[in-house]
Amino acid sequence: MSVDQEAGTRQGVEVAREAGRRRTFAVISHPDAGKSTLTEALALHASAISSAGAVHGKGDRKGVTSDWMQMEQERGISITSAALRIDYDDRVLNLLDTPGHADFSEDTYRVLSAVDCAIMLLDSAKGLEPQTLKLFDVCRARRMPVITFVNKWDRPGREPLELLDEIEQRIGLRPTPLNWPVGIAGDFRGLIDRASGTYTKMTRTPGGASKAVERVLSDEEAARVEGAEWERAVEEIELLEALGADYDEASFLAGESSPVLFGAALPNFGVGHLLETVVGLAPAPAAKADEKDEPRPVAAPFSGQVFKMQANMDKNHRDRMAFVRISSGRFDRGMVLTHAATGRPFATKYTQAVFGADRSTIDAAYPGDVIALVNAQALAVGDTLYDGPRVVFPAIPSFAPEHFVVARALDAGKYKQFQRGIAQLDAEGVVQVLSSDVRGEQAPVLAAVGPLQFDVVRARMEQEFRSPIETSPLDYSVARRTDAESAPALHALSGAEVLKRRGDGELLVLVHNKWRLRVIERDHPELFMEPLLAGGVDEG
Ligand code: GDP
């Protein structure tokens, strides 16, 4: 049966319906903008959980025990990133965790390859911050739809129009506010829904942990109660209309404009509107293009791509877990899939769905869902698994590393274990491994987008591969792709070094910093250097 024929069967119809109910998204934000708070508020609002605090790592964490737990507790961060399923009305929202702050790593970027939409979360006092910009660059490279949520409006912050201007000027995303705040940041009175003109006044509930009290006021009432603040909001909305800053579906889906919502996650103001926006505007899973750029319809037989690998979540089983985003078909636990890279069968008896800190066993999943496959030693990030007609999805791009260390085995007698461990961590995509004739195989260079990736390597080399390592930092912070022709000349320059990436054989030139890079570019325009990810994640 062809892919199209399959799509017409009863199961195909069911799969298409289930895919249509799903919205798979992630939140991109800078540390402390309120991602954890918003995640809890969204789940709370959707009544997926009974009380805020039970969702994320920052509250009580139960369930998974892992070698990482201790590291997580010590650092107060979440390494075991997960997908949170939120049932809302007739919809299924899959919120994929993008680990934030100190644990910023390639995983953070890769999660974005597995979602259909992103919520760009801004702190009203800070606007666009460095980490938000980095993550946004990945969204832009993928032309992903982005919904903007301006958070913490209950605290003193910036002018709403100024924030919109910053979004437009700095990242070229045209903001189209869906609601507008009454009251300046820090004096949050309520929100006007631009589509309906309805004003909802908000009142904090004691403790702020439960849903805010919302009351719809008529225009006359609002004018009386809010006075000058109301007048000002009405004037600003008129200005928006004059500027043509209205929601536009085509440009939103193309990643060119962004619906903007104001609110405050902590007291749960405006979170419901965000939830409705995700359900109403974010795209449902659609056909994914394969390596040959041919789309695999969602109703075709099962296909999915590994976007994250995680090891040692359970101390008793030194297992390796692969997180797979389903692209097409229905997944039934126990089905035997084909691993595209090797052509070998892959049994899925112990598949798990991921829900908060708990892992629960699932029986069926659909496009847009994330499944976690255990015993996934054979899999690597970017790998395709399928059922029925063969499909291979394009590799997930390797991101531009910014941190580099030289790794050496502490115990020279453990050289074999050292090599095996480094090769395995490279295959899993924990770090990128670079080498050169000059440095030799004993001293590979490890490259990462976040330094925490090195901690993971050190811990796993010691505990899992029994070859403790020492790492010494290298004084480089920028990488560019180069070619065999330009490599010798670049290598000879001061503040630059050429290495080969083992994973894909790509030649990379590492440069001291971006100023040095500019000087090299200026003085040697004949030498080939290009950014590592189209869209320029590493433009600095
Ligand atoms: P994350 O690092 O992005 O996950 O941020 P958190 O969710 O941990 O929030 C960082 C801090 O900001 C915490 O102290 C939150 O209580 C606070 N916060 C988050 N959202 C809001 C909000 O809407 N209003 C106020 N006043 N504080 C908030």
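It should be emphasised that the depicted structure is a prediction, and the values quoted were computed from it without experimental measurement. All residue numbers in this chain count up from 1 along the given sequence. Counting starts at 1 for both ligands and their atoms, in listed order.
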Engineer: Would P31 count as being in polar contact with ligand 1, using the rule that some N or O on each side must be under 3.5 angstrom apart?
Structural biologist: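 Among all N and O atoms of P31, none is under 3.5 Å from an N or O of ligand 1.
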Engineer: Students often mix this up, so state it plainly: with edges at 30° and 60°, are the rings of F307 and F323 parallel, tilted or perpendicular?
Structural biologist: tilted
Engineer: Please confirm whether the backbone N or O of A265 pairs with a side-chain atom of N268, one donor and one acceptor, at under 3.5 Å?
Structural biologist: no
Engineer: Check this for me - ligand 1, L266, N or O atoms closer than 3.5 angstrom, yes or no?
Structural biologist: yes
Engineer: If a pair satisfies salt bridge (Lys or Arg N to Asp or Glu O under 4.0 Å) and one of its residues is in residues 108-126, list it, with sequence neighbours excluded.
Structural biologist: E106-R110, D107-R110, D116-R325, D123-K152
Engineer: Geometry only, no angles: is S29 polar-contacting ligand 1 at N/O separations under 3.5 Å?
Structural biologist: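 Not met; the criterion fails.
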Engineer: Of the backbone atoms (N, CA, C, O) and the side-chain heavy atoms from C-beta on, which set of S36 has a member under 4.0 Å from an atom of ligand 1: side chain, backbone, both, or neither?
Structural biologist: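 Both backbone and side chain.
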Engineer: Would you say Q453's side chain and V430's backbone share a donor-acceptor pair under 3.5 angstrom?
Structural biologist: yes
Engineer: In ligand 1, which numbered atoms sit nearer than 4.0 Å to a non-hydrogen atom of A264?
Structural biologist: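 In order of numbering, the contacting atoms are 23 (O).
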Engineer: Pairs of nitrogen or oxygen atoms closer than 3.5 Å, one from G34 and one from ligand 1: do any exist?
Structural biologist: yes
Engineer: How many angstroms lie between CD1 in I326 and OH in Y366, if you round to the nearest 0.5 Å?
Structural biologist: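 Nearest 0.5 Å value for the CD1-OH distance: 9.5 Å.
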Engineer: Going by the side chain to side chain contact (heavy atoms under 4.5 Å, CB included) test, name the single residue among L93, T39, V92, N94 that passes it with I86.
Structural biologist: L93
Engineer: Between T37 and ligand 1, which part of the residue brings a heavy atom under 4.0 Å of the ligand: side chain, backbone, both or neither?
Structural biologist: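 Both the backbone and the side chain of T37 come within reach of ligand 1.
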Engineer: Taking heavy atoms and a distance under 4.0 Å, where does D32 meet ligand 1: side chain, backbone, both or neither?
Structural biologist: both
Engineer: Taking 4.0 Å as the limit for heavy-atom contacts, which would you say applies to K35 with ligand 1: side chain only, backbone only, both, or neither?
Structural biologist: both
Engineer: My understanding is that only residues two or more places apart in sequence, or in another chain, count here; which of them pass salt bridge (Lys or Arg N to Asp or Glu O under 4.0 Å) with D89?
Structural biologist: none
